[in-house]
Amino acid sequence: NTNGKKGKVAEQSVLQKNGSSNGEPPPADANPPKTTAKTQNAGWSFQGLLGCFCVALWSFGAGVLTPPLLSFQARHGARQPSRRLDTSTPDVVGVVCTEELLEGFLHEEPVPGMHVVCLQQNRTANVYTRSWIGHVQTISFPSGYWDELKDGLDEALSLSTRPIKNQAWALFSPFGHRLADEETPVEDPKVMKTLMKEGLLLLISGGQWVWPGVRKGFRRTVDLSYLPGSARSLEPRNATLETISLFPLVLSVEGFLSDEECDFIQEQAAPMMRYSEVTLMDKDKGRPASDFRTSQTTFLTSSSETLKTVDKRTASLVRMPVRNQEHVQVLRYGRTEKYNSHHDYFDPGLYQQDPTTLRSIEYGKRNRMATVFWYLSTVPKGGETIFPRFDKAPVPYDMANCAKGLKVKPERGKVIIFYSMTPDGGLDPLSLHGACPVEEGIKWAANKWVWNAPMLR
């Protein structure tokens with residue numbers, strides 16, 4: 001096109017030079033031009049093509065000789081179009097993270113694997129790392145998509161490089177309702193709407209709910225009608241949790257068991273009680289169980305409606321499905337009977353010569369996570385549950401010694417929860433516990449071991 005225009009201009013200039021502007025032929029006596037319009041136009045075309053070829057050749061050479069220019073353009077050249085806004089994600093959160101609300105979830109010391117996430121009105125989130133008052137950072141998800149929020153949380157909390165990855169990390173409501181996890185599909189249209197409705201979330205990197213202890217003496221009322229893993233609800237019932245220890249995490253529970261349920265469990269178990277066995281570590285092979293434990297015990301299957309109801313209530317209390325529970329263990333301690341301090345979890349490093357135990361824990365991938373302990377009788381003297389490593393105390397020299405530690409007195413109907421695993425999915429050595437000798441009366445108790453995964457039955 002450029003050459004054609006130049007040719008037209010040249011053609012007009014030739015006519016004007018020869019005294020004619022109306023297209024008439026020049027006079028006969030006029031000297032003919034040395035260059036015609038046709039040859040001029042052809043000349044410009046050849047020069048243009050030659051110039052283009054030179055420019056192309058120079059560009060190719062520059063690209064070969066200066067590869068950093070190409071990589072810079074790949075990184076910074078073309079701007080990606082902005083992502084379309086997800087209009088299904090609400091702009092307004094259902095619950096605003098007030099200072100008063102946060103007091104029920106933040107701790108004065110960091111909690112490994114437990115993070116508080118406060119979604120904001122402007123599609124940002126304040127993330128309290130390890131539920132710690134002293135550490136907060138802000139992330140954004142401007143387009144409102146679930147994968148955008150996931151990426152922000154991953155970057156802020158280093159989730160993809162966390163040391164323990166036995167389970168997918170999960171997001172929970174403030175009261176332990178599982179809302180989404182690492183494996184929730186990014187195309188799920190409901191997830192962001194659900195999360196924004198809650199406003200305040202807890203991210204547990206170990207994948208299973210743990211009640212925030214907050215501080216000693218902290219109390220919260222929880223709804224026991226929620227049944228994890230089911231669309232059904234239980235009959236309305238509340239329980240009150242009180243933190244009696246942060247290290248290890250131990251909570252007392254009020255309003256869990258009735259007197260009738262305490263009596264029923266004792267009556268069902270009494271004819272089947274036998275002296276207790278233990279699973280021996282490699283170093284203790286060959287020793288009798290009585291070296292460690294002198295109580296009587298039995299297990300009850302949940303064949304009655306009463307025990308089925310208690311199973312479901314236990315699931316609601318710990319916010320993990322019934323399928324994660326072992327059968328209820330019932331215990332009877334007579335005078336002087338006891339159980340030396342021990343852990344409820346199975347450390348795979350201590351059971352290398354026990355292939356059955358290793359297979360049951362999938363070589364460390366799954367384990368006992370929480371113990372829900374029920375006191376079925378009141379003991380006049382002795383029989384306390386002891387936690388010798390209370391408040392990060394060192395490992396005791398004598399596992400039978402009940403002189404030091406947190407002691408929980410047996411009282412009929414009382415329930416405690418203590419966690420054998422931390423929220424990040426690690427084993428908690430501070431959960432060491434035992435049963436002090438009964439000095440007066442008889443101690444009846446029962447417990448549910450709750451795993452971080454469904455039981456292998």
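Remark: the backbone N or O of Ile133 is not paired with any side-chain donor or acceptor of His135 at under 3.5 angstrom. Glu148 places a side-chain N or O within 3.5 Å of a backbone atom of Ser143 that can act as its donor or acceptor partner. Checking side-chain atoms of Asn367 against main-chain N and O of Phe346 turns up a donor-acceptor pair under 3.5 Å. Checking side-chain atoms of Arg220 against main-chain N and O of Gly104 turns up a donor-acceptor pair under 3.5 Å. Side-chain atoms of Ser225 do not come within 3.5 Å of backbone N or O of Arg237 as any donor-acceptor pair. Between the side chain of Lys338 and the backbone N or O of Gly434 there is no donor-acceptor pair closer than 3.5 Å. In terms of modelled atom types and a separation under 3.5 Å, the side chain of His107 and the main chain of Trp132 share no donor-acceptor contact.
Using cut-offs of 30° and 60° on the angle between ring planes, the pair His433 and His342 is tilted. Taking the six-membered ring where the residue is Trp, Phe418 and Phe387 present perpendicular rings, their angle passing 60° and hence far from 30°.
Ionic pairing of Lys216 and Asp391 is present here: one or more N-O contacts between side-chain nitrogen and carboxylate oxygen are shorter than 4.0 angstrom. A salt bridge is absent between Lys409 and Glu384; no separation between the charged side-chain nitrogens and carboxylate oxygens falls under 4.0 Å. The pair Glu182-Lys165 does not meet the salt-bridge criterion, since no charged nitrogen lies less than 4.0 angstrom from a carboxylate oxygen.
In terms of heavy-atom proximity, Glu242 sits nearest to Gly217 at OE2-CA, 3.9 Å.
In this model, no donor atom of one side chain and acceptor atom of the other lie less than 3.5 Å apart for Asp428 and Ser420. For the residue pair Thr371 / Asn447, no side-chain donor-acceptor distance below 3.5 Å is found, with atom types taken as modelled. Side-chain contact check for Asp344 and Trp449: at least one donor-acceptor pair (N or O, by modelled atom type) lies under 3.5 Å.
Partners of Tyr333 by ring pair (Phe, Tyr, Trp, His ring centres under 6.0 Å), not counting sequence neighbours: none found.
The 12-atom threshold is not exceeded at CD of Glu155, counting heavy atoms of other residues, nucleotides or ligands nearer than 6.0 Å. For Lys365, the NZ atom is loosely surrounded, since the number of other residues' heavy atoms within 6.0 Å does not exceed 12. The local environment of CZ in Phe218 is crowded, with over 12 non-hydrogen atoms from other residues, nucleotides or ligands closer than 6.0 Å.
With values rounded to the nearest 0.5 angstrom, Arg368 atom CZ is found 13.0 Å from His343 atom NE2.
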